[in-house]
**Student:** 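Structure provided below as structure tokens; questions to follow.
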Amino acid sequence: MKNYDIINHVRGESQFIDDLNVPQGTLFATVYGSPSAHGKILNLDLSEARAIKGVKDIITYVDIPGQNQIGGIIKDEELLAEHEVHFMQMPIALVVAESEFIAREAARKIKIEIEQYEVITEPREAFAKNKLIAPPRVFEGGNVDAAWAQCDYIIEGDCDSGGQEHLYLETQGAFAIPLEGGTFKVISSTQGPTAVQRVASNVLGIPMNKIEVEVLRLGGGFGGKEDQASPWAGMAALCAYKLKRPVKLILPRHDDMRMTGKRHPYSSDYKLGLKADGTILALEATYFQNSGASADLSPAVLDRTLFHAANAYHIPNVRVTGVMCKTNLPSNTAFRGFGGPQGKFVIEAAIFKASEVMGMPAYEIQKKNLLKENDEFHFGQKAKHCRARLSWEKMEEEFKVYDRISAIEKYNSENDLMKKGYAFMPICFGISFTNTLMNQASALVNIYTDGSVTFTTAAVEMGQGVNAKIKEIISRMLGISHDSIKTEPTNTSRNANTSPTAASSGADLNGNAAKIASSILRDRLLRSAAEELKLPLYEISIKDEVVCHKGEPTELKWHELILRTYNKRISLQAQAFYATPNIFFDRVTNKGDAFFYHVYGTAYIEVTVDCLKGTYQFNAVKVMHDFGESLNEVIDRGQAEGAIIQGLGWMTLEEVIYNKDGRLLSDLLSTYKVPDIHFAPEDMDVRFLGLPNPVGIMGTKAIGEPPLMYGIGGYFAIMNAVKAFRPGASFKISSPYTAEKVLMNLYSNVNIDEKISSLSVTEEK
Amino acid sequence: MTRNIKFILNNEFINADVNPAGVILDFIRDNQLTGTKEGCKEGDCGACTVLIGELKNDEVVYKSINSCLFPLGNVHGKHVVTIEGINQSGKELTPIQQAFVEEGASQCGFCTPGFIISLTGYLLSAESLDAKDALYSMDGNICRCTGHNSIIRAAERITSKFNKLTGQSENKIQVLADYGFVPDYFLHIKERLSKIDKAEFHREVNGDSTYFVSGGSDLFVQIPDVMMKSTIKFLYDNPEIKFIREENGHILIGSTSTVNEVLNSKIMLTYFPSLFNFIELFGSLPIRNSATIGGNLNNASPIGDMTSFFLGLNSTIVLADRDDNLREIPMRDYYLSYKKTARNGDEYMKYLYFKIPTKPYYFNFEKVSKRTYLDIASVNSTILIETSDDIISDVHISAGGVSAIPLYLRKTRDFLLNKTLSVDLIKDAVEMAGNEAAPISDARGAADYKKLLLKRLLFSHFIKLFPEIISIKDTVID
């Protein structure tokens, strides 16, 4: 199955916003951001900047004709700062000039005076000072308070997980073109075209029907362009509105990294209760989410943390509390996994500590507690078609993991300089937007009179292969080849009121809509063919672009059928809508069948730590993943591998560092390191569990996010190796596990967890 | 501020009056060749990778560079190849492009042209194909989508399928063209390049302040907009300061020798064979192809890898002024304060030299960074020890990242001199080195960590060089 996008990619012919030919007269905008993380703007002097030759205008909030408000869930975010700034590099002004070079020059001439307010960067400090985005959220199942008495072990502790920069290779950007009648076309690198349309409409104070948003493709999104593509598009539209000229705004990498939010860092407290045999009876946890300066998607991200607090385990008594802490950082936002990874990290940390205290390998505790069919999650849904144990057991069997563990123990006993470590990581991830209303999509399929087909849906292509999958669905439904089908860019004029392409749901939702549209067309065409051939409808099909009778080709070819159908004045265009059935969630009780289905799988990860220097290399990642029935194994494997590495990166190299003033120190690719080609484990073996999804389109399962969480195992594999060098020591759990933290754990006592160390059972081997 | 520059861009002869301080990436993209992308503009992502072909010994030699940092002043008389210049006509794919398609080695597509270019550059420059080397050729390219495993598999398809390819013919470009790796116009590039007068390009533009530019891979990261308005003296293609030679018991290295030229030079590898293991720790291939010794040493970063390396060899820098008067300064005295050297504004570095050590001698380089490759060190260190009857007769140790300047560990050297190696001596020396260091906390690590890391790297020097004397067990602090 061909994927035309990739053929254009390898030839460098796929176009991104910055590659488009711009019309004559296009202007370029650059964003001037606050030099302070929190304060009151006393004076903004634009005079020197305005005087520079080639500068067309400098736009501030006073130029906004509509609302200076872009908050989605909560209306708490200004497009351009009015009187106060809430994070460093918060956009204040837009310099519009004849070239990007001139715009940058002018921006450097802007002078500002700010009265400094207190800067908070840590979530627990914000919590202590009652700086919250919204009231805390609590999910509860069973009776936690009653459960502690039945536990043989109660493990209490805290742990931190760091932020993560999306580092989509294509930075944020938009191109706004004024059209006739006060309307605008905005080409945006966004996962949420409708969000861009809404923001631009609000900012300009004009109805949504006057703004057409188009998305060709994204050079990576990973959640970073779900909500946070909108401001830049809104700004480009604002500039185009005021100057009546096309305006391009592409963030340079340095601005992108400093101005946009990242994965939410969390600081969490946990309390885990277990029986002596490793059975987990109760989990209580509080998650202090570093939300940043405004809500953005933080409430929804936090919800998913609470949904996935127990990962793939059945824990009968759970009480988890999420706190959205308001800090003076760019608002943190969606990132692949959407709070799920942060929640899973905490339960895995608690299990790791329990294993230290109980002297039982972590994998025994993990395995003992895996979800079974009909186990109830703490939010009331029951696990159906549960494959937690199945994937674990198949993983054990196919990869002979216990032999591998023995080999590691032998290696460690023979080597002083290098130590190997391992970890298991099961996952369970719910598929559906947890905000039920967002689970809707639409598609439009056109057949032209020559038989060629186009389709367009609400889905945005960002490398995940959603369009190739939808094309496969249409191809199967209509019985035509991929060569006859072309993907149209996502466009709000073709599909209205779209949900963002997010939550791993793009192919499910939009594929279903496209399937319905295709089936409408197929019905019409089969009827038409039956009429032409004077044969019974139920004996007619279309295969390989030929009408078949009882499965045998007839003389009637696809293009001829199309022409004849057109001539009969039958529509060759179908639009369809899909809404996920059978899901609901009560936001008062926090109970309900929030997810259409779950994705399962288990990973086994091996790492080698250089104990002389604290560096490490992942050697093997072995995964048994529940892909459902794959529409395209190359695409699905690619999604899994890419997500795993991104998860490992989050756990290891990728360190988002702000100083106390709220200044991002890891603000370039030279200071923020993502996995490179050497990072890739030599033995990456992702296998397909091979069972169809009974409720998924054509048996498939969503793939985008779940495998990222296998990366969490990487953290504990490293810690396992470090402990082979320092047996008996217990360390504070704080990701990312950089080479710095590894070396400190190997040779210093600063990050020792005194309490657990004193409790822990030293393994004697 | 413009200069006339002539070069071949893909299959097109370019004769343009341009500001030579503009980077080639912007020129390419302004000319509608948008397959080359801007990802970071600091040479850290490789989305902008292009090939530069140069006539050398009657052959066109290709290497990959980061076009976002490579000034137009450095491309006169050369062949610049973008992804569009690799593409075959129609929709036919090169074997590399085909392998990427088959392995799904491209997802969003933004980084992909850079990878294809790097791998094509590898085929154009490799003497024989090897999967590991192919992987290394892409060490300057970052893909955020795939995690790189599919890219590695695509490269393996090429190296295994075409493993005999390069040995087949003397005319490599002919062979690559026959297999469809490059279009046929590559066959005529040699002849076309030879018609451009290299000397024609005026290597100086006038502007506000003066900068000597060689590879550009540092100045164009830091102050690209300033460069557009400055007086620039282009050194990169000045043949007089591009050499590596042995002379009277010394090795002399011209300042515009690139990192790759130094690390792969026969002379260096003869005296320091272990260098071979460290090459990939220095930047990335496109950076090693463009960054020069003079640039790295004069950037004066306290953490420069080549700086640490040559400081550890106790090198001496030779500067020239406007009138070509020469002045020598030992590297250990060259760095005055943060980013400040003893060089005057109108001087430039001509070359450096160091004494070829007396046998038996021991050499080691250590570097730890957050990410092992394509990263700036948290701490680096170089050591050179000469012994005579088990006595340390001479020793030099450098330490980067632990002070405002590249540090030459004088006290530690003095302490070790004329002593016999033992575990206790090494431990005392390491402790002393720790006290000579004064690191600060930054994105590359906290001060405590850097101090600890320096000590570990020093232990590592001795454990690697003298395993019979000291082992890791002797170094455990607890």
Side-chain angles (χ1 to χ4, degrees), chain A residues 5-7 9-16 18-19 101 104-105 167-170 217-220 252-253 416-417 462-464 611-615 634-635 637-638 641-642 644-646 653 655 657 665-666 668-671 673-680 684 738-740 743-744 747-748, chain B residues 34-36 38-42 44-45 47 83-84 87 91 93 97 100-101 104 106-113 116 135 138-139 141-142 144-152 225 228 368 370-376 378 442-443 445-446 449 452-453 456-457 459-460 463 471-473 477:
Chain A
D5 239 26
I6 195 174
I7 288 171
H9 290 348
V10 297
R11 292 173 59 88
E13 289 170 349
S14 299
Q15 290 201 316
F16 300 85
D18 202 23
D19 301 336
F101 180 79
R104 284 198 303 268
E105 283 278 292
L167 219 115
Y168 27 66
L169 262 279
E170 178 206 29
R217 62 171 60 73
L218 313 188
R253 178 64 62 185
D416 294 324
L417 277 176
M462 50 192 134
Q464 84 279 43
C611 296
L612 195 52
K613 295 183 275 191
T615 55
V634 171
I635 288 176
R637 182 186 301 281
E641 290 180 347
I644 292 166
I645 296 294
Q646 213 165 47
L653 302 178
E655 190 174 28
I657 316 168
L665 301 181
S666 51
L668 288 166
L669 268 70
S670 52
T671 43
K673 308 313 283 188
V674 297
D676 65 345
I677 200 162
H678 292 286
F679 183 91
M684 168 73 88
T738 55
E740 172 171 359
L743 194 74
M744 295 306 272
Y747 292 101
S748 104
Chain B
T34 54
T36 309
E38 175 182 327
C40 69
K41 261 212 164 162
E42 54 164 345
D44 264 313
C45 79
I83 187 74
E84 291 86 354
N87 285 340
K91 279 282 169 192
L93 299 179
Q97 290 170 333
F100 269 61
V101 170
S106 169
Q107 290 182 20
C108 83
F110 201 84
C111 71
T112 310
I116 303 276
L135 184 153
M138 297 181 284
D139 69 358
N141 297 87
I142 296 287
R144 187 56 157 161
C145 296
T146 63
H148 302 100
N149 283 87
S150 51
I151 293 169
I152 295 169
D225 289 352
M228 293 289 279
V368 167
K370 191 169 279 178
R371 186 174 66 198
T372 306
Y373 300 91
L374 180 51
D375 196 2
I376 296 165
S378 297
D442 60 17
Y449 165 63
L452 172 62
L453 181 56
R456 300 309 308 166
L457 296 188
F459 275 129
S460 188
I463 290 170
S471 81
I472 186 171
K473 287 193 165 167
I477 290 167

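Below, chains carry the letters A, B, ... as their sequence lines are ordered, and counting in each starts from 1.
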**Student:** What verdict does the side-chain contact (heavy atoms from CB on, under 4.5 Å) test give for B:L93 and A:I7, after you've listed the backbone C-alpha separation in whole Å, the side-chain angles of each residue and the deciding distance to 0.1 Å?
**Tutor:** CA-CA 8 Å; B:L93 299 179; A:I7 288 171; 4.1 Å; yes

**Student:** Select one option (side chain, backbone, both, neither) describing which atoms of B:L457 are under 4.5 Å from chain A's heavy atoms.
**Tutor:**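 Side chain only.
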
**Student:** Rounded to the nearest 0.5 Å, how far does CG of A:L669 lie from NZ of B:K41?
**Tutor:**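 Between B:K41 NZ and A:L669 CG, I get 14.5 Å after rounding to 0.5 Å.
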
**Student:** Could you tell me the separation between the OG1 atom of B:T34 and the CD atom of A:Q15, rounded to the nearest 0.5 Å?
**Tutor:**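 Rounded to the nearest 0.5 Å, the OG1-CD separation comes out at 5.5 Å.
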
**Student:** Applying ring-ring contact (aromatic ring centres under 6.0 Å, His included), can you list everything that pairs with B:F100, at least two apart in sequence or on another chain?
**Tutor:**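 Partners of B:F100 by the ring-ring contact (aromatic ring centres under 6.0 Å, His included) criterion come out as none, since no residue qualifies.
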
**Student:** Might you point out which heavy atoms bring B:G104 and A:V634 nearest each other, and give the distance in Å?
**Tutor:**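 Shortest heavy-atom contact: CA-CG1, 3.5 Å.
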
**Student:** Is A:Q464 in contact with chain B via its backbone, its side chain, both, or neither, using a 4.5 Å heavy-atom distance?
**Tutor:**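 For A:Q464, no heavy atom lies under 4.5 Å from chain B.
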
**Student:** Counting heavy-atom pairs closer than 4.5 Å to chain B, which one of A:Y168, A:F16, A:F101 comes out on top?
**Tutor:**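 If we count pairs closer than 4.5 Å to chain B, A:F16 comes out on top.
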
**Student:** Quick check on B:I151 against chain A: is it the side chain, the backbone, both or neither that has a heavy atom closer than 4.5 Å?
**Tutor:**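 Just its side chain gets close to chain A.
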
**Student:** Does the side chain of B:E42 come within less than 4.5 Å of A:L668's, by heavy atoms?
**Tutor:**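 Of all side-chain heavy-atom pairs linking B:E42 with A:L668, at least one is under 4.5 Å.
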
**Student:** Identify the heavy atoms of A:A680 and B:G147 that sit nearest to each other, and give their distance.
**Tutor:**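 Here A:A680 and B:G147 meet closest at CB-O, 3.7 Å.
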
**Student:** Would you name the heavy atoms of B:A443 and A:L665 that are closest together and state the gap between them?
**Tutor:**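 Distance-wise, the nearest heavy atoms are CB-O, 4.0 Å.
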
**Student:** Closest heavy-atom contact between B:P113 and A:G12?
**Tutor:**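 Minimum heavy-atom contact is CG-CA, 3.7 Å.
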
**Student:** Kindly write out the residues that satisfy ring-ring contact (aromatic ring centres under 6.0 Å, His included) with B:F459, not counting sequence neighbours, or none if the list is empty.
**Tutor:**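 Scan of B:F459 (ring-ring contact (aromatic ring centres under 6.0 Å, His included), adjacent residues dropped) gives none.
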
**Student:** Would you mind telling me which of B:T372, B:I116, B:N149 has the largest number of heavy-atom pairs within less than 4.5 Å of chain A?
**Tutor:**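 Highest number of heavy-atom pairs under 4.5 Å: B:N149.
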
**Student:** Which bit of A:T615 comes within less than 4.5 Å of chain B, counting heavy atoms only: side chain, backbone, both or neither?
**Tutor:**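 Contact with chain B is through the side chain of A:T615 alone.
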
**Student:** Less than 4.5 Å to any heavy atom of chain B: does that hold for the side chain of A:I645, its backbone, both, or neither?
**Tutor:**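 Side chain only.
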
**Student:** Between B:H148, B:M228, B:E84, who has the most heavy-atom pairs with chain A when the cutoff is under 4.5 Å?
**Tutor:**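 Most heavy-atom pairs within the cutoff with chain A belong to B:H148.
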
**Student:** Could you measure the distance from the CD atom of A:E641 to the SG atom of B:C145? Nearest 0.5 Å is fine.
**Tutor:**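 A:E641 CD to B:C145 SG: 13.0 Å, rounded to 0.5 Å.
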
**Student:** Before accepting this row, confirm whether a basic side-chain N of the pair B:K370/A:E655 lies closer than 4.0 Å to the acidic partner's carboxylate O.
**Tutor:**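 So B:K370 pairs with A:E655 through a salt bridge.
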
**Student:** So what's closer than 4.5 Å to chain B heavy atoms on A:T738: side chain, backbone, both or neither?
**Tutor:**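 For A:T738, the side chain is the part near chain B, not the backbone.
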
**Student:** Check whether any side-chain heavy atom of B:I152 sits under 4.5 Å from a side-chain heavy atom of A:I677, and report yes or no.
**Tutor:**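 They are in contact (side-chain heavy atoms under 4.5 Å apart), so the answer is yes.
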
**Student:** Does the side chain of B:R456 come within less than 4.5 Å of A:L612's, by heavy atoms?
**Tutor:**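 Yes. Closest side-chain heavy atoms under 4.5 Å.
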
**Student:** With only heavy atoms counted, which part of B:S460 is less than 4.5 Å from chain A, the side chain, the backbone, both or neither?
**Tutor:**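 For B:S460, backbone and side chain are both near chain A.
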
**Student:** Check the pair A:R104, B:D225 against side-chain contact (heavy atoms from CB on, under 4.5 Å), reporting the backbone distance first and the verdict last.
**Tutor:** CA-CA 9 Å; A:R104 284 198 303 268; B:D225 289 352; 2.9 Å; yes

**Student:** If you count heavy-atom pairs under 4.5 Å with chain A, which of B:L453, B:I472, B:V368, B:T36 comes out on top?
**Tutor:**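 With the most close heavy-atom pairs to chain A, the winner is B:I472.
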
**Student:** Could you tell me the separation between the CZ atom of A:R11 and the OG atom of B:S106, rounded to the nearest 0.5 Å?
**Tutor:**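 These two atoms lie 13.5 Å from each other.
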
**Student:** Quick one: what part of A:I657 sits under 4.5 Å from any heavy atom of chain B, side chain, backbone, both or neither?
**Tutor:**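 Side chain only.
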
**Student:** Take B:T112 and A:I6 through the side-chain contact (heavy atoms from CB on, under 4.5 Å) test and state the conclusion after the steps.
**Tutor:** CA-CA 9 Å; B:T112 310; A:I6 195 174; over 6 Å; no

**Student:** Under the criterion side-chain contact (heavy atoms from CB on, under 4.5 Å), I'd like the reasoning laid out for B:D44 against A:K673: C-alpha separation, chi angles, the key distance, then a yes or no.
**Tutor:** CA-CA 9 Å; B:D44 264 313; A:K673 308 313 283 188; 3.8 Å; yes

**Student:** Considering only heavy atoms from C-beta outward, does the side chain of B:Y449 approach that of A:M744 to under 4.5 Å?
**Tutor:**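 When only atoms from C-beta onward are counted, A:M744 and B:Y449 do touch, with a gap below 4.5 Å.
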
**Student:** Indicate the atoms forming the closest heavy-atom contact of A:S670 with B:D375, along with that distance.
**Tutor:**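 Smallest interatomic distance, heavy atoms only, reads O-OD1, 3.8 Å.
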
**Student:** Determine whether a donor-acceptor pair (N or O, by modelled atom type, separation under 3.5 Å) exists between the side chain of A:R217 and the backbone of B:C108.
**Tutor:**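 Such a contact is absent between A:R217 side chain and B:C108 backbone.
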
**Student:** Considering only heavy atoms, which portion of A:E13 lies under 4.5 Å from any heavy atom of chain B: side chain, backbone, both, or neither?
**Tutor:**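 Answer is side chain: those atoms of A:E13 sit under 4.5 Å from chain B.
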
**Student:** Using non-hydrogen atoms only, which part of B:K473 is less than 4.5 Å away from chain A: side chain, backbone, both, or neither?
**Tutor:**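 Contact with chain A involves the side chain of B:K473 alone.
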
**Student:** Name the option with the most non-hydrogen atom pairs under 4.5 Å to chain B; the candidates are A:E105, A:M462, A:K613, A:R637.
**Tutor:**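 Highest number of pairs under 4.5 Å: A:K613.
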
**Student:** Pick from A:D676, A:L167, A:V674: which one has the most heavy-atom pairs with chain B under 4.5 Å?
**Tutor:**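 Winner by heavy-atom pair count: A:D676.
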
**Student:** Where on B:Q97 is there a heavy atom nearer than 4.5 Å to chain A: the side chain, the backbone, both, or neither?
**Tutor:**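 For B:Q97, the contact with chain A is made by backbone and side chain together.
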
